[in-house]
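Down below is the structure, laid out as structure tokens.
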Amino acid sequence: MTIKILAASGSARRGSFNQKILDLAALGATQAGAEVTAVRLADFELPLYDADLEAEQGVPGSVRALQALVAEHDALLIATPEYNGGYSALLKNAIDWISRSREDGSSRVALLSGKVAALVSASPGQLGGLRSQTGLRVVLDKLGVLVIPEAFALSVAHEAFDADGNMKDANAERLIEAVGAALFRTASRLA
Ligand SMILES: Cc1cc2nc3c(=O)[nH]c(=O)nc-3n(C[C@H](O)[C@H](O)[C@H](O)COP(=O)(O)O)c2cc1C
């Protein structure tokens, strides 16, 4: 059975460290046997969640597209930047929209509940954005997503890559790829 993983980062920044480690974790998942779809959340141009907008105009088409992608995948691989101790508004806004009822009226809980997820983070700081993972875990847990214990937080991220964008520390690279592989293994067992 093919295990499909949806990979997304909470940073839209050009040269984002989180995007770099997301790509590595996705590579690990692919090498383990998963089929990975990488999306850029910013490309969906989601409006800021507003209940009045939803009531008056309905759920935007871009949200429907994102919901359909989530529905098609068994697992989520998420890289999260840390802003003031929390994860990014880009991620929270996407989660809030995804959690709304689907077009066919199916329960808003059903879409995310039962998915498996793995988290990675990167930051120039010493904790590597670990606090953002903690907050994201709480929200995903509330939505019924099983977040696996395997994770990675890349500290001092601004010094972690060489001029070509490759990781200087081969061991850290291996550990990040291992997160993707672990997500594949857990999703396979649960499938
Ligand atoms: C508003 C703001 C708040 C930040 N707060 C934190 C923080 O609490 N902890 C941290 O480690 N880094 C913090 N940073 C630094 C980010 O981790 C850094 O900009 C990082 O490169 C963002 O991820 P990216 O490279 O994937 O875009 C903050 C940055 C901004 C712009």
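When a ligand or atom number is given, it counts from 1 through the structure's own listing order.
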Task: Distance-minimising heavy-atom pair for Phe44 and Ser62 - done: O-CB, 3.1 Å
- [ ] Might you point out which heavy atoms bring Ser123 and Gly128 nearest each other, and give the distance in Å?
- [x] CB-C, 3.8 Å
TODO: Could you name the protein residues that come within less than 4.0 Å of ligand 1, counting only heavy atoms, and order them by chain and residue number?
DONE: Ser11, Arg13, Ser16, Phe17, Asn18, Pro81, Glu82, Tyr83, Asn84, Gly85, Ser123, Pro124, Arg131
- [ ] For Arg131, check salt bridge (Lys or Arg N to Asp or Glu O under 4.0 Å) against everything at least two apart and list the hits.
- [x] Glu82
Task: Pairs flagged by salt bridge (charged side-chain N to carboxylate O under 4.0 Å, His left out) wherever residues 146-169 is involved - sequence neighbours left out - done: none
TODO: For Gln133 and Ser121, test the side chains for any donor-to-acceptor distance below 3.5 angstrom and give the result as yes or no.
DONE: yes
TODO: Please identify each residue that fulfils side-chain contact (heavy atoms from CB on, under 4.5 Å) with Ala26, with sequence neighbours left out.
DONE: Val36, Leu77
